[in-house]
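Counting starts at 1 for both ligands and their atoms, in listed order.
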Amino acid sequence: MEALLQLEAVSLAYGNNASNRLVLSDVTVDVKEGEFITVVGPSGCGKSSTIGLLAGLLTPTSGTIRLQGTPITRPGPDRAVVFQDYSLFPWMTALENIHFALQQVRKATREEALQYLHLVGLSEAKDKYPGELSGGMRQRVAIARAFAVDAPVYLMDEPFGAVDAKNRIYLQDLLLRLWKTGEHSKTIFLVTHDIDEALYLGDRIIIFTPSPGRIRRIVEVSFTRPRTRAYLVHDPAYIQLRNEILSLLQDDLIGELELVEGGTGI
Ligand SMILES: Nc1ncnc2c1ncn2[C@@H]1O[C@H](COP(=O)(O)OP(=O)(O)OP(=O)(O)O)[C@@H](O)[C@H]1O
């Protein structure tokens, strides 16, 4: 079966020709339809840039990115994006933000929009503007908005980073439920700094090297679903995989520090 998303020898450099700064180098991976991919890597290794490329907001400097065999050249309704910084319209209430997004894909009532706000536990805040909500609440509205549009592909950049621990657990489980419901079989590409989150949610984890980001390793996460946190954290296989990923990331950080030390003569 052909992959739904294909990144082939993708590199990305920011800046003009004179001062090009390579942030991604030779990234190749196929993502199957319905797969849940999580992505971890050191800060600045190009995880958000990868989301930008898949969203069609950035263009690769070389290589190709395809969705169902067609090169991605611009954003589209087939990809819902959740950024780190909420990206809500500040002049619309929480409910209006969701209703507006829903209406871009189909005719929808305010009551339907309210159901999504209810899903993330925020129906009481429906008439509040983003400026009146906490960071975590804004992020929950952004997540509700993304869920509402029921896209086949979800690109999520640390979606739960600003959310408190209790809501984080709730939203992770909600995401797993929504992944398997709706009209489409959803494909999710989620960036996180949290190894446990990557392991709890993902079918495979892509581990990036420090900048310029290359794929360091792709780890299969074969724990049966539905996964149970309390059981997983005591499973020796889980602990071993977690330690392996941690040590890969730590090795990279140590390597990076040594490079800096050597380079500056410290
Ligand atoms: N618009 C831009 N112009 C120039 N450089 C950029 C731009 N956006 C990102 N960068 C640089 O590209 C590199 C990769 O950034 P990116 O945000 O993709 O990394 P990241 O892995 O998501 O980082 P973090 O985990 O800290 O969020 C960084 O060095 C960053 O400073």
Task: atom 12 (O) of ligand 1 [closest protein heavy-atom partner, distance rounded to 0.1 Å] - done: V23 CG1, 3.1 Å
TODO: If you have a sec, work out which protein heavy atom is nearest atom 29 (O) of ligand 1 and how many Å separate them, to one decimal?
DONE: R21 NH2, 2.7 Å
Open item on the list: Strictly less than 4.0 Å: does any protein heavy-atom distance to atom 31 (O) of ligand 1 fall in that range?
Closed with: no
Task: Cation-pi, Y200 ring and R229 (6.0 angstrom, 45 degrees) - done: yes
Task: From CZ (R74) to CZ (R79), nearest 0.5 Å - done: 9.5 Å
Task: Close side-chain approach of L174 and L119, heavy atoms under 4.5 Å - done: yes
Task: Closest protein heavy atom to atom 26 (O) of ligand 1, given as residue, atom name and distance to 0.1 Å - done: S43 OG, 2.6 Å
- [ ] Could you tell me whether a side-chain N or O of D157 sits under 3.5 Å from a main-chain N or O of V191, the two making a donor and an acceptor?
- [x] no
Task: For atom 17 (O) of ligand 1, the protein heavy atom that lies nearest, with its residue and separation - done: S48 CB, 3.5 Å
Task: Which of the ligand 1 atoms, numbered from 1, are nearer than 4.0 Å to a heavy atom of Q84 - done: 27 (O)
TODO: Might you work through the salt bridge (Lys or Arg N to Asp or Glu O under 4.0 Å) test for R214 and D26, ending with a clear yes or no?
DONE: CA-CA 6 Å; R214 295 182 173 82; D26 200 22; over 6 Å; no
Task: Donor-acceptor pair, side chain of Q139 and main chain of F83, under 3.5 angstrom - done: yes
Open item on the list: Quick check against the 3.5 Å criterion: does R168 have a side-chain atom that pairs as donor or acceptor with the backbone of F160?
Closed with: yes
Open item on the list: Considering non-hydrogen atoms of the protein only, which is the closest contact for atom 10 (N) of ligand 1, and what is the distance?
Closed with: Y14 CE1, 3.4 Å
Task: Close-contact set for ligand 1 against G46 heavy atoms, below 4.0 Å - done: 14 (C), 16 (P), 18 (O), 19 (O), 20 (P), 21 (O)
Task: Which residue and heavy atom of the protein sit nearest atom 14 (C) of ligand 1, plus the separation - done: G44 O, 3.3 Å
- [ ] Report the nearest protein non-hydrogen atom to atom 25 (O) of ligand 1: residue, atom name, distance rounded to 0.1 Å.
- [x] K47 NZ, 2.8 Å
Open item on the list: Any protein heavy-atom neighbour for atom 2 (C) of ligand 1 (distance below 4.0 angstrom)?
Closed with: yes
Task: Closest approach of any protein heavy atom to atom 15 (O) of ligand 1, naming residue and atom - done: S49 OG, 3.9 Å
Open item on the list: Has W179 got a side-chain atom pairing as donor or acceptor with G34's backbone, closer than 3.5 angstrom?
Closed with: yes
